[in-house]
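Just so you know, these numbers use all the heavy atoms, side chains as well, and skip hydrogens, waters and symmetry mates. To find a chain, count down the sequence lines: A is the first, B the second, and so on, and within it residues start at 1.
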There are 2 protein chains.
Amino acid sequence: MSSPAKHNCSVCSLKKICLPTGVGKDELERLEALVQDTKVHHTSDEVIRQESPFRNLYAVKSGMYKSVKLNDLGEERVVGFHLPGDIIGLDAIYTKTYSSSLVALTTSVLCQFNYDQLVLLSAKMPTLQAQLMRLSSKEINIANAFQNAQTAEQKLAGFIHNLSARNAERGFSSTQLILSMSRQDIASHIGMAPETISRILKQFQSNDILIINKREMKILDPARLLISTGCAHA
Amino acid sequence: MSSPAKHNCSVCSLKKICLPTGVGKDELERLEALVQDTKVHHTSDEVIRQESPFRNLYAVKSGMYKSVKLNDLGEERVVGFHLPGDIIGLDAIYTKTYSSSLVALTTSVLCQFNYDQLVLLSAKMPTLQAQLMRLSSKEINIANAFQNAQTAEQKLAGFIHNLSARNAERGFSSTQLILSMSRQDIASHIGMAPETISRILKQFQSNDILIINKREMKILDPARLLISTGCAHA
DNA sequence: CGTTCCGTTGAATGGGATCAACGATTGTGG
DNA sequence: CCACAATCGTTGATCCCATTCAACGGAACG
């Protein structure tokens, strides 16, 4: 299911958005020393089990993961997708148990930080403390992001736009996206039927807003995609 | 619009859920000294203007507030309601500007904390730092709470159940609720038409799940209300 | 006393879910 | 290596839930 791998925050391309952001060079070594494990996972590997006790925060080093929440009725819901640089587990600080399971969507690598040690270190490193609060704050914004969408078109456009923006934030292409997740995962995440995803993607294609081939998407008209989200005017 | 009022965390009934949680007695005085202002607001007062620069966190001392977000198309959306003890502004730490406006729903009181000073203080007070992270983490959970609901019935039941739980958390009644907000505000918050709110409340009443008179609600059958949320089985 | 907003009710419409079927892809085991 | 199963993605037809439009009584307010 997983195998060890080398880690080194100093040379990691994601340090600009990940935990080390704002942390000084010398201090970085102390943060690095705290990374207990860096593990490789493969598609469908379950990394975190929902309800298990909270001990670690995780940072995505490469690949993609999804968070899946199971309710008392046995219904599954994808609560989020995690890209490289994302911090996972911030919501569990309060609840003390992980609120969802974490599953790899493709071959992916995860860095692991023990939270108690992180807290001890951040007490001595104001920059780390500040970054922890910033990331936690960012997570609140992410969670609130999808509240605007009313129609299925707006929901899906918002999802794609968001994925595009997050890609850009990481220095990846904002127009060339690889959807590592299935249509069902997308549907579950934004709260609609997979059939509707299909139909609206088709609609976007016939309007020349994007081209999609299997799980490779090319955004042709970012401006009209943004308008489709219902968040901006023409 | 607002007038000064006395503040004193030590004797505040909300210290068990508010910022002071976990903070020692002597340390509490230093936190108290940091409260710059405690102001009284009245219905419809705008306390925070969306997009204004982030400087302070706020804690609700009494009453109720709503957060309202305006998008580029001029559409308004209620993104949250704030009860006594709630911390407001945690999402703005990342964005550096407030992402929504804050409006009083009734005569209410707010405590104001300068964030920079709070950070300086928390560097010396691990308990305060821990509470800031806990509260931020809690906010992530709140934002994710409504993702489960599919139907209008589930959304509204979830909203009422949530309000009831938050009331209980504060030592108030979990069955006797005062809805300080309008039906339109509720509708905007959970993403449905105010007419539908009316119809489903009527349905809940004829099923003897609750009784509602103007803005006073009495929950008769919390168990069946929970089932209506679609989060639990019978 | 008129005006405005709030809350409710009725009737009609439509958007998205649901059900069903099918080809394509992936994965499995003999 | 291939037959088979299972999942994925798409398309079509139907239905139902929630929005929309419209109207009205009541309360709050100036």
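Comparing the axis of the opening five pairs of the helix from C:dC1-D:dG30 to C:dG30-D:dC1 with that of the closing five pairs yields an angle of 50°, rounded to 10°.
Remark: B:Lys202 does not engage B:Glu195 in a salt bridge, criterion side-chain N to carboxylate O under 4.0 Å.
Scanning both residues, A:Asn56 and A:Tyr98, for their nearest heavy atoms gives O-OH, 2.6 Å.
Side-chain atoms of A:Leu110 and A:Lys61, non-hydrogen and from C-beta on, never get closer than 4.5 Å to each other. Under the 4.5 Å side-chain criterion, counting only non-hydrogen atoms from C-beta, B:Ile186 is in contact with B:Leu156.
Between D:dG9 and A:Gln184, no contact under 4.0 Å exists linking OP1 or OP2 to a side-chain N or O. For B:Arg199, no side-chain nitrogen or oxygen approaches OP1 or OP2 of D:dA18 to under 4.0 Å.
Taken residue by residue, residues 200-215 of chain A places heavy atoms nearer than 4.0 Å to DNA chain D at A:Lys202, A:Arg215.
In terms of modelled atom types and a separation under 3.5 Å, the side chain of A:Arg55 and the main chain of A:Asn114 share no donor-acceptor contact.
Nucleic acid contact class of B:Thr196 (heavy atoms, under 4.0 Å, all strands): base.
Between the C1' atom of D:dA18 and the CE atom of A:Met192 lies a distance of 16 Å, rounded to the nearest Å. Atom P of nucleotide C:dT26 and atom CZ of A:Arg183 are separated by 13 Å, given to the nearest angstrom. Atom pair A:Gln150:CD and C:dG16:P shows a separation of 11 Å (rounding to whole Å applied). The distance between atom CE of B:Met181 and atom C1' of C:dG7, rounded to the nearest whole Å, is 15 Å. Following rounding to the nearest Å, A:Leu156 (CG) and D:dT10 (C1') show an atom-to-atom distance of 15 Å.
Each of C:dA17, D:dA18, C:dG16 was ranked by its minimum atom distance to the side chain of A:Ala193; first place goes to C:dA17. Set against D:dG9, D:dA18, C:dG16, the side chain of A:Thr151 has C:dG16 as its closest nucleotide.
When only modelled atom types and interatomic distance are considered, B:Tyr58 and B:His82 share no side-chain donor-acceptor pair under 3.5 Å. Between the side chains of B:Asp91 and B:Ser99, at least one donor N or O sits under 3.5 Å from an acceptor N or O.
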Next item on the list: Applying salt bridge (charged side-chain N to carboxylate O under 4.0 Å, His left out), run through A:Arg166 and A:Asp86 and close with a yes or a no.
Entry: CA-CA 10 Å; A:Arg166 288 165 74 196; A:Asp86 281 346; 2.7 Å; yes
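When the nearest nucleotides of DNA chain C are assigned to A:Glu195 and A:Glu153 by heavy-atom distance, the more 5′-ward of the two goes with A:Glu153.
Classification of the A:Phe54-A:Tyr115 ring pair by plane angle, with boundaries at 30° and 60°, yields tilted.
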